[in-house]
Structure formats: structure tokens, C-alpha cells
Amino acid sequence: MIRFNDIVEEILKYNPQADVDLLERAYVLSAKVHRGTVRLSGEPYLIHPLEVAYMLTKMNLDVPSVVSGLLHDTVEDSYLTIEEIKEYFGPEIAGLVDGVTKISRIEEQSSEESRAETLRKMILAMSKDIRVILIKLADRYHNMETLQFLSPEKQIEIARETLDIYAPIAHRLGIEWIKGDLEDLAFKYIDSAEYKTIRESIAKRKKERDSYISEVKELLKNRLAEFNLKAEISGRAKRLYSIYRKMLQEELALDEISDITAFRVIVGSVKECYEALGYIHALFKPIPGKFKDYIALPKANMYQSLHTAVIGPRGEKIEIQIRTPEMHKISEEGIAAHWKYKEGSVFNPKEDKIFGWLRRVIEWQKELKDSKEFLEIFKIDLFPDEVYVFTPKGDVRELPKGATTVDFAYAIHSELGQRCVGAKVNGKLVPLRTPLQSGDTVEVLTNPTHKPSKDWLKFVVTSKAKTKIRQWIKEEQRGRSIELGRTLIDKELAKHGLSLSKMVKSGELQTLAKEFSFETTDDLFASVGYGLYTALQVLGKVIPEPEKVSRISKIISSIKKSRDDAVKIKGIDGLVVRFARCCNPIPGDTILGFISRGRGLTVHLADCPNVHAYDDQRKIEVSWQDNKEYAYPVKLRVQGGDKKGLLSEVTNVITAGKANILNAQVMTYPDRTATSIFEIEIVNASQLQKIVKSIQKIKEVRSVERMRSSA
């Protein structure tokens with residue numbers, strides 16, 4: 001267990017002038033605030049801020065960061081305010097605590113939307129002070145270490161978020177040990193069976209592997225000593241999640257993975273790195289295509305090293321990294337290796353190349369209003385497996401693996417991407433969708449009148465290309481929708497002897513737009529062009545004839561169905577709602593809404609295959625209303641043995657689950673199996689889940705499946 005003295009001792013190692021009094025004041029306040037509070041593990045809550053602060057010292061962070069680690073939960077969990085923190089500890093520490101607190105408040109929600117919003121908050125916090133995210137990483141690290149005390153559902157949810165967002169952020173900041181530990185901690189809960197299998201397999205072969213590592217280290221040491229190269233050599237088994245990821249990527253079983261051992265060679269200079277590489281390749285046969293030079297071409301997080309894979313003793317594949325002590329320091333500490341301790345100075349992301357990706361993401365979060373789209377784009381940028389390609393002038397561009405010539409064009413300049421009509425790779429014309437390889441020289445061919453194609457979204461992989469293409473498509477579609485909406489409204493007004501131009505000049509149309517919660521008349525026109533409203537619905541308030549108003553009411557009421565208020569529609573009221581029969585969404589499912597001309601809003605499951613056929617511009621944010629209970633039809637397929645009384649048992653379970661059975665079909669087969677299909681009415685996904693679990697407990701039942709289509 002970490003004690004306060006451990007924190008002081010650690011920080012004084014790298015910062016002898018550290019303000020220990022300030023640290024002690026923060027510790028006393030944290031202890032006072034958390035007195036009597038325990039975590040789910042039963043331990044005093046104070047242990048958590050102590051662990052977080054200690055981890056921050058392991059990152060070599062400054063005193064304000066460590067103090068903020070001790071205080072990061074005080075505002076969230078007590079009567080303390082940010083203003084009081086500012087008064088006691090100053091604006092710098094108050095700003096750090098406030099940044100962490102704002103992220104934590106959103107994290108308490110669990111929806112995809114709130115996860116995307118959490119990410120936005122994290123990016124904004126990083127843009128102001130990178131130390132906020134470092135404190136948050138330390139906080140998440142200790143929470144992952146104590147995840148076993150939460151419910152299984154919460155464990156998987158937090159582990160998935162850690163794997164998707166926190167571990168990649170640690171990687172982007174260059175803190176590889178945190179990234180690796182977070183991945184393994186998350187893997188333990190996301191696929192516990194595979195985690196246990198790999199861990200036990202590695203443990204069983206520990207003696208054999210340790211002996212092999214000693215043998216290889218001795219061979220490497222002797223080989224380099226022959227040429228008077230002093231080197232620090234270490235070896236270890238690869239991380240569990242790294243092995244698991246390789247199994248998935250290469251579709252291999254665990255016993256088929258041979259290269260689970262990695263070695264690191266640290267030499268005195270860059271020149272010696274390349275010398276050592278040559279001597280090692282002379283000692284062990286290199287594997288073609290497995291050499292990567294990250295010294296000449298550093299990664300985006302400034303990581304530098306030579307990577308090679310060779311055939312070691314007994315024909316076993318081994319990976320070797322060669323680097324200098326400075327490169328090793330950056331690899332292990334990341335941003336901490338660049339940290340500035342000058343009194344009163346704040347780390348400026350613009351000062352360091354390591355933050356190029358952060359500046360890009362800050363721009364995207366400003367441009368992308370759809371939080372889920374932002375989350376998707378951010379994830380793309382967090383997982384770069386880089387290729388390095390050249391411009392005709394010899395400049396290097398780093399792109400993610402799988403990037404195409406269109407991605408390259410957008411990486412050079414947005415305008416170049418928009419006007420791209422073709423490309424030459426190594427002097428030869430190639431299709432735009434051609435994936436690029438490291439070392440390729442790319443020349444982009446343009447036409448000033450050319451425009452992006454929606455089909456490009458099928459093959460581009462970079463976040464910048466996807467963002468710019470989608471923006472252009474939305475602007476293009478919006479322009480067409482505005483023109484169509486204007487035409488439809490003009491025609492409807494003409495039927496009643498009214499003039500659109502007069503309504504625009506008088507400001508009457510602007511007033512009408514505001515009544516429909518639109519900022520501009522163009523927004524109103526676009527809503528009609530998209531099919532959000534009909535011209536008749538929009539103009540119902542300005543057409544003078546009473547019978548016309550009555551006619552509009554009849555039209556709306558005739559097509560309006562029950563359950564219209566089962567979902568919330570962002571920014572819109574009174575829209576006709578239909579539930580897609582192809583996937584039958586129910587409360588609790590993640591859903592998307594799509595506007596159909598003349599048919600209102602159709603609600604689909606977010607993962608329904610049919611949603612890909614819809615225009616993105618017709619997509620609209622929807623969510624389930626709270627405390628709205630209606631009956632929804634759902635079909636269940638139950639498969640099992642042809643057992644007498646099985647149908648009766650299943651129907652009893654469904655009835656006990658307070659669901660109404662609309663229809664039931666039973667089919668038996670010669671192999672003594674049976675399939676039953678039940679159409680039932682349920683209120684929400686929770687009720688359905690309980691019924692499914694109860695059916696699964698019936699003896700002879702082999703599977704229970706929700707049928708997405710009612711057809």
C-alpha cells in the first residue's frame with residue numbers, strides 16, 4: 001500500500017526542490033475530505049488518491065500535477081468547490097482539478113453519446129493543459145487495478161472504454177508502459193477465457209523461456225563485444241494482449257505463435273544502433289520484410305528505435321529493438337521525457353512535434369457536430385500502424401496502414417484532395433483506391449473542376465480524408481435540399497395566391513422558421529427538402545383558409561401512430577414515428593432515426609444492415625423517452641430437443657415474465673430436435689433479457705435468439 005512518504009521520496013529523486021509543504025497540505029485535505037469513506041473493495045478511499053499521486057511521480061511530473069492527483073476526487077465526492085481549491089492552492093492546481101472533475105462527471109453516464117462527449121471533454125482539457133489527461137490516465141490505471149469489485153456489466157464497459165480510448169491516448173503520448181498495462185488489464189475482463197489461457201501458457205513455459213532468453217542475451221552480448229560495442233541487453237515475453245492481438249490478426253492458435261519473446265539492445269549512439277543491427281543480422285538470419293527504421297522515420301509520438309525480426313537459436317523467431325538511452329527514455333516516459341519544470345511555465349503543445357495529432361483532433365472536434373462521428377474519427381487516428389511515403393520532392397508523409405492515394409492527397413492539402421482525379425505511384429498511374437506501401441513516391445493528379453465522390457468513403461482510411469469528404473457531401477446535399485425545399489414552398493404558396501419573395505422581404509418567413517426552431521430560412525427550406533416536413537405542414541400557419549388548416553390536421557392525425565412519443569427527437573417535435581419492421585427496435589436498444597419523404601421518421605437498430613442504404617444527411621439523433629411504456633412486438637427463436645412439454649415450459653416462462661404471446665409456431669425434425677418461434681409483446685430490452693435468460697435455463701433448450709426481422 002502506498003504511503004504519503006513514498007510519494008515525497010519519489011518526487012525528491014527527480015525534483016529535489018519540490019515543495020513538500022504544498023504536497024503535505026494536499027494530503028491532509030484529501031484525508032479529511034475522504035475520512036470514513038471506503039471503496040467497493042472495502043479499503044479506505046484515501047488509498048485511491050495516494051495511488052494516483054504516486055503514479056504521477058513515476059511519470060516524473062511536477063508538484064502541481066502530483067498535488068492535483070491527491071485532490072482530483074475532492075470536488076466530486078465532497079462539499080469542496082473549485083473556488084475553495086483555488087483559494088487554498090492557487091489557480092494552476094484548481095484548473096487541473098477542474099479539468100479532471102469535468103471529465104469524471106460525464107464518465108458516470110454509459111451511453112455511446114456520453115462516451116463521445118467524454119472524449120470531447122478530454123480533448124478540450126488536453127488542449128488547455130496536457131497534465132489533465134496524464135492525471136486522468138493515472139486515475140483510470142488504478143481504477144482498472146481494482147475493477148474486480150464492480151459488476152460484470154460495468155467491468156466490461158469500463159474495460160472496453162479503456163482499450164478504445166485510454167490505452168491509445170497513452171500510446172499517442174508515448175507512455176508505452178501505461179499503454180501496455182492498460183491493454184492487459186482491459187483484456188482480462190473483455191475476454192477473460194483467452195486471457196487466462198494465454199497467461200497460464202506463458203507461466204508454464206517460464207523456466208524454458210528464461211533459459212532461452214539467457215542464451216540469446218549471451219550470444220548477442222558476445223557478438224557485439226567482438227566489435228567493442230558496449231550494450232545493455234534485456235529480454236522478456238511479449239505482453240498478453242499483444243499476443244492475443246497477433247492471434248486474431250493472423251488467425252493463429254496460441255501454440256502456433258512462435259515469436260512471443262522480444263529483446264532490447266541499448267547502445268551509446270545512433271551510429272552504434274546501425275552497427276549493432278549489421279552485427280546481429282550477421283549472427284542471426286533476418287526475416288524479410290520485418291525490418292523497420294523508426295530512427296530515420298520516427299513515429300508520431302516521437303518514438304525512435306530500429307526493429308528487426310530474426311531466426312534465433314532452435315529456429316525460433318525473435319524480435320529485437322535497438323536504440324540509444326535517450327530513445328529508450330522517450331519510449332518509456334513519453335511526454336514526461338519532454339517535461340519542463342521551470343517555475344510558472346505551462347507546457348505548450350505547439351512547442352513539440354509530439355502534439356501534431358492533438359492539434360488535428362482539436363480542429364476536428366470543432367468541425368464535427370455529430371459526437372458519434374467524432375468518436376469514430378478519433379479512434380481512426382488513435383490506431384495508426386504507419387507507412388511512410390514520399391512526395392515527388394522527397395518530403396516524407398506518415399500515413400496509417402491501408403492509406404490510399406486519396407488519403408495522401410488530403411494529407412498534403414485539403415484542396416488537393418478535393419480536386420484529386422488520379423495518382424502516380426513510383427511513376428506509374430494507379431487507381432485512386434490503391435493502398436500505399438512504405439517507400440512509395442506519390443504524385444497526385446488534379447482537375448480544378450473536379451469534386452469528391454461519395455464512393456471515396458468506401459476506401460479512404462485517414463480521419464482527415466473521411467472528415468473532409470463527409471463535410472463536402474453534406475454541404476452539397478444541403479444546397480440541393482435548400483433549393484428543393486424553396487421550390488416546394490413556392491409552389492404551395494402559389495396555390496393560395498401568396499408570394500415567397502414577399503414573405504422573405506417582410507420577414508414573415510424568418511418568423512416562421514423560428515417557430516419551427518430553425519435559425520435561418522435556409523434551414524427551413526432544407527428541412528422540407530430533406531423530407532423532415534412537408535410544405536403543407538410548414539405553411540399551415542400562414543395559409544388563411546380555415547379549411548386548409550383543418551385539412552393539415554387531418555393529414556397529420558391520419559398518419560400519426562401510437563408510440564410516436566416513445567422516442568425523443570433532437571430539436572424536433574410532432575414528427576410521425578415508425579419503427580422499422582426489418583429490425584424491430586425496442587427500448588434499451590441503441591437506435592438511429594432516418595427521415596423518409598412523406599413517411600416521417602423511421603427508427604432502426606443502430607447495427608441494422610439496412611441503415612447503410614440511407615443517406616447520412618437524413619440521419620437524425622433519437623433516443624428512448626424515459627418512463628414511456630408501450631408494447632413492442634419481438635420474435636424469439638428457441639431451439640432444443642424434441643421434448644414433451646417443452647412448449648408448455650417456455651410459454652410458462654414467457655407468461656411469468658409478464659409478456660403477452662401473440663403467436664407461436666413449433667417445427668420438429670427427424671433428428672429429434674425442435675424449433676419454436678414465439679412472437680411476444682414486451683416493454684423494453686431489460687424485460688426481454690430476463691425472459692431470454694429464464695428460457696435458457698430450461699433443460700433441453702440449446703439456444704434462444706432474438707429474430708431481427710418480423711418478416
Side-chain angles (χ1 to χ4, degrees), residues 1-39 41 43-105 107 121-122 125-126 128-143 145-146 175 178 333 335-336 339-347:
M1 186 176 74
I2 298 298
R3 301 167 304 153
F4 175 68
N5 287 344
D6 298 325
I7 296 169
V8 173
E9 183 180 323
E10 198 65 33
I11 199 170
L12 289 175
K13 287 180 183 177
Y14 62 86
N15 188 1
Q17 281 74 46
D19 189 342
V20 176
D21 288 341
L22 187 65
L23 287 165
E24 190 168 356
R25 282 167 49 206
Y27 168 66
V28 170
L29 180 60
S30 184
K32 182 179 178 181
V33 164
H34 295 302
R35 183 182 297 147
T37 309
V38 296
R39 306 192 88 204
S41 62
E43 295 177 326
Y45 194 91
L46 182 61
I47 289 175
H48 175 64
L50 284 171
E51 291 280 357
V52 171
Y54 185 72
M55 174 164 282
L56 295 171
T57 66
K58 287 297 186 183
M59 291 190 235
N60 287 1
L61 294 193
D62 57 1
V63 171
S65 300
V66 180
V67 168
S68 300
L70 289 167
L71 300 174
H72 77 279
D73 275 339
T74 54
V75 173
E76 190 71 20
D77 297 340
S78 76
Y79 53 83
L80 271 181
T81 66
I82 291 296
E83 288 71 25
E84 289 173 314
I85 296 288
K86 185 176 181 179
E87 181 183 345
Y88 299 153
F89 297 96
E92 182 181 6
I93 291 171
L96 293 173
V97 173
D98 189 37
V100 178
T101 301
K102 285 176 178 176
I103 296 172
S104 300
R105 281 174 179 163
E107 278 189 334
K121 290 282 187 181
M122 290 169 68
M126 276 195 286
K128 294 175 182 176
D129 194 324
I130 196 67
R131 292 174 293 180
V132 170
I133 201 60
L134 296 175
I135 297 166
K136 193 62 202 171
L137 280 174
D139 175 50
R140 175 53 61 103
Y141 190 103
H142 186 244
N143 284 337
E145 288 188 313
T146 55
I175 315 173
I178 291 184
E333 299 178 14
I335 182 58
W339 200 255
K340 299 174 176 61
Y341 291 105
K342 291 180 182 177
E343 187 75 24
S345 68
V346 177
F347 194 95

Ignoring hydrogens and geometry beyond distance, is a side-chain donor-acceptor pair present between Thr146 and Arg39 at under 3.5 Å? yes
Any side-chain donor-acceptor pair under 3.5 Å between Asp62 and Ser65? yes
With rounding to the nearest 0.5 angstrom, report the [atom1] to [atom2] distance, [X] to [Y].
X      : Y      : atom1 : atom2 : answer
Thr101 : Leu96  : OG1   : CG    : 10.5 Å
Glu145 : Met55  : CD    : CE    : 6.0 Å
Leu50  : Ile2   : CG    : CD1   : 8.0 Å
Met59  : Tyr141 : CE    : OH    : 9.5 Å
Asp139 : Asp73  : CG    : CG    : 6.0 Å
Leu70  : His48  : CG    : NE2   : 11.0 Å

Lys13 vs Glu10, test: side chain to side chain contact (heavy atoms under 4.5 Å, CB included). Steps then yes/no. CA-CA 5 Å; Lys13 287 180 183 177; Glu10 198 65 33; 3.4 Å; yes
Is it the case that the side chain of [X] and the backbone of [Y] share a donor-acceptor pair, with hydrogens and angles ignored and the cut-off at 3.5 Å?
X     : Y     : result
Ser30 : Tyr27 : no
Tyr45 : Gly36 : no
Arg25 : Tyr88 : yes

Under the side chain to side chain contact (heavy atoms under 4.5 Å, CB included) rule, what do Leu29 and Leu80 come out as? Steps first, then yes or no, please. CA-CA 10 Å; Leu29 180 60; Leu80 271 181; 3.8 Å; yes
Can Arg131 and Glu92 be counted as an ion pair, charged N to O under 4.0 angstrom? yes
For the residue pair [X] and [Y], what are the closest heavy atoms and their distance?
X      : Y      : answer
Ile82  : Val97  : CD1-CG1, 4.1 Å
Tyr14  : Leu61  : OH-O, 2.6 Å
Ile85  : Ala94  : CG2-CA, 3.7 Å
Ile93  : Val67  : CD1-CG1, 3.6 Å
Val132 : Gly99  : CG1-C, 3.7 Å
Ser68  : Ile135 : CB-CD1, 3.6 Å

Side chain to side chain contact (heavy atoms under 4.5 Å, CB included) evaluation trace for Asn5 with Glu9: CA-CA 6 Å; Asn5 287 344; Glu9 183 180 323; 5.8 Å; no
The side chain to side chain contact (heavy atoms under 4.5 Å, CB included) partner of Thr74 among Lys32, Glu84, His34 is His34
Check whether any side-chain heavy atom of Asp6 lies under 4.5 Å from a side-chain heavy atom of Thr57, and answer yes or no. no
